[in-house]
Amino acid sequence: MSDSLKESLGAKTHESIRLVMDSGYQGVKKIHFNSFTPKKKPRGGELSDQDKAYNRALSRFRIKIENVHAWLKKFKIISAVYRNRRRRLGLRFSLICGIYNFENC
């Protein structure tokens with residue numbers, strides 16, 4: 001777990017906020033109590049049916065968020081360096097999110 005992640009989670013996330021992360025963040029449970037990551041298969045073993053069901057439910061929740069991220073990356077607002085006025089980043093991001101909501105709701 002990187003030190004910058006520890007610092008940013010401690011400063012910006014309240015303990016009541018639920019974090020849903022991918023399996024790359026396995027140690028985040030030690031830092032933030034209310035976090036959820038998929039279970040990894042033990043070396044030389046298999047996941048139990050309960051762990052597989054947990055991973056499946058977590059993936060179904062995460063896929064909705066990941067699809068929105070992929071759609072926003074088409075506009076290059078979160079996948080490239082933002083080179084316009086910093087004051088208007090929030091406005092532009094809100095407009096793009098509004099377009100997404102209009103098309104997908």
Side-chain angles (χ1 to χ4, degrees):
M1 183 72 47
S2 69
D3 290 333
S4 61
L5 179 64
K6 289 179 186 178
E7 292 171 8
S8 65
L9 282 176
K12 297 180 181 176
T13 55
H14 192 267
E15 59 190 34
S16 65
I17 294 175
R18 180 174 42 173
L19 297 178
V20 180
M21 300 180 163
D22 61 8
S23 58
Y25 295 97
Q26 287 293 315
V28 78
K29 194 73 161 172
K30 297 174 188 171
I31 301 168
H32 190 78
F33 173 72
N34 200 9
S35 62
F36 300 93
T37 56
K39 307 280 185 187
K40 283 189 173 180
K41 181 180 77 96
R43 185 175 293 181
E46 291 295 323
L47 285 175
S48 67
D49 290 338
Q50 183 180 5
D51 289 341
K52 288 180 182 179
Y54 171 79
N55 285 350
R56 195 171 300 115
L58 196 62
S59 294
R60 286 181 179 169
F61 179 78
R62 284 189 66 237
I63 193 66
K64 297 172 189 171
I65 298 164
E66 295 297 330
N67 286 339
V68 173
H69 287 170
W71 198 87
L72 290 173
K73 285 180 180 180
K74 288 180 189 177
F75 283 93
K76 305 288 187 212
I77 195 162
I78 60 175
S79 62
V81 176
Y82 183 73
R83 299 187 183 273
N84 293 308
R85 292 188 181 124
R86 194 178 319 160
R87 284 187 1 220
R88 296 197 178 172
L89 174 65
L91 173 66
R92 291 192 174 121
F93 202 87
S94 295
L95 289 171
I96 292 169
C97 290
I99 292 168
Y100 175 83
N101 288 335
F102 180 74
E103 287 185 359
N104 295 309
C105 291

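Sequential numbering from 1 along the given sequence is applied to the chain's residues.
- Listed here is the closest heavy atom pair of N34 and S16: ND2-O, 3.3 Å.
- Take S48 and apply the side-chain hydrogen bond (donor to acceptor under 3.5 Å, both in side chains) test, not counting sequence neighbours, and it matches D51.
- Looking at N55, its side chain does come within 3.5 Å of a backbone N or O of K39 through a donor-acceptor pair.
- Other residues, nucleotides and ligands place more than 12 heavy atoms under 6.0 Å from the NZ atom of K41.
- In this structure, R88 has no salt bridge (Lys or Arg N to Asp or Glu O under 4.0 Å) partners at least two apart in sequence or on a different chain.
- Applying the under-4.5 Å side-chain rule to Ile, Leu, Val, Met, Phe, Trp and Tyr, the cluster around F33 consists of that residue alone.
- In this structure, I96 CD1 and L91 CG are separated by 10.0 Å, a value rounded to the nearest 0.5 Å.
- L95 and L89 are not part of a single hydrophobic cluster, where members link through side-chain heavy atoms under 4.5 Å apart.
- In this structure, T37 and D22 approach most closely via the heavy-atom pair CG2-O, 3.8 Å.
- Side chains of C97 and L72 form a contact here, defined as non-hydrogen atoms less than 4.5 Å apart.
- Residues V20, F36, Y54, L58, I65 make up the rest of the hydrophobic cluster containing F61, defined by ILVMFWY side-chain heavy atoms closer than 4.5 Å, directly or through other members.
- For residues 52-72, the salt bridge (Lys or Arg N to Asp or Glu O under 4.0 Å) pairs, not counting sequence neighbours, are R62-E66.
- Nearest heavy atoms, K40 versus S23: CE-O, 3.6 Å.
- Side-chain contacts under 4.5 Å among hydrophobic residues (ILVMFWY), followed directly or transitively, place L47 with no other residue at all.
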